[in-house]
Amino acid sequence: MGHTDYNSEIEDFELFNINKDPFEQNNIVRSEKSLATALKSELELMTTELVNSENLVHQPRIVIGSEHENPVILNRNDADGQPGIWSQEEIYGLWKVTLYEGNYNIRFKFLTPVKAN
C-alpha cells in the first residue's frame, strides 16, 4: 500500500485495482478511502501479531549439525544485532547457534569484500 512510512496519513499511501489497472497508473486511495483505511488497519494488526510472535520475541538458536538441516546456510536475515543488518554493509551482526559436535566445512561469501581489521 504505497511508498511511505507506516504511520503516514492514509492519503499518502497508494492503492490500485490490479484487475482494472494492472500497470498501477490510477491511485484510488482517495476515492476508496474507507477500503484503504480498512486494509491499512488489517496490515497493522498482522504486523503487530508477527513482531510479537514467540519466535521473534524469544528467538531460538540456530542448530548447526542437525541431520534435519544439512547444509545450513546463514544469511543476514538470520543474524542478530543492530536493526537494519540485512540492508547495510557497515553493520556487523552475529548468529546465535547451537553447534553439534562434528567436522564442518565453512565458507563465507561477501557481496562486497570486507576490509582487514
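- Few gaps surround OH on Y104; more than 12 heavy atoms of other groups in view lie less than 6.0 Å from it.
- Taking the salt bridge (charged side-chain N to carboxylate O under 4.0 Å, His left out) definition, one finds that E24 meets it with nothing, sequence neighbours left out.
- Of all the heavy atoms in I28 and N17, the pair that sits closest is CD1-N, 4.0 Å.
- Considering only heavy atoms from C-beta on, V72 comes within 4.5 Å of L74 through its side chain.
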Taking distance alone, no hydrogens or angles, what donor-acceptor pairs closer than 3.5 Å link side-chain atoms of residues 50-62 to residues at least two apart or in another chain?
residue	atom	partner	partner atom	Å
N52	ND2	T48	O	2.9
S53	OG	L50	O	2.9
E54	OE2	H58	ND1	3.1
R61	NH1	V97	O	3.1

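- Between S66 atom OG and L99 atom CG the span is 12.0 Å, to the nearest 0.5 Å.
- Annotation: the span from L45 atom CG to K40 atom NZ amounts to 11.0 Å, rounded to 0.5 Å.
- Without hydrogens or angle criteria, D21 side chain to F16 main chain gives no donor-acceptor distance under 3.5 Å.
- To the nearest 0.5 Å, atoms CD (E14) and CG (N26) are separated by 11.0 Å.
- Counting heavy atoms from C-beta outward, L35 and L15 have side chains that approach closer than 4.5 Å.
- Taking all atoms of both residues into account, the shortest heavy-atom contact from P22 to N19 is CD-O, 4.4 Å.
- Between D12 atom CG and N7 atom CG the span is 10.0 Å, to the nearest 0.5 Å.
- The two residues Q25 and F23 have their closest heavy-atom pair at NE2-O, 2.7 Å.
- With hydrogens and angles ignored, the 3.5 Å screen pairs no side-chain donor or acceptor of E44 with any backbone N or O of E42.
- E11 meets the salt bridge (charged side-chain N to carboxylate O under 4.0 Å, His left out) test with K33; sequence neighbours excluded.
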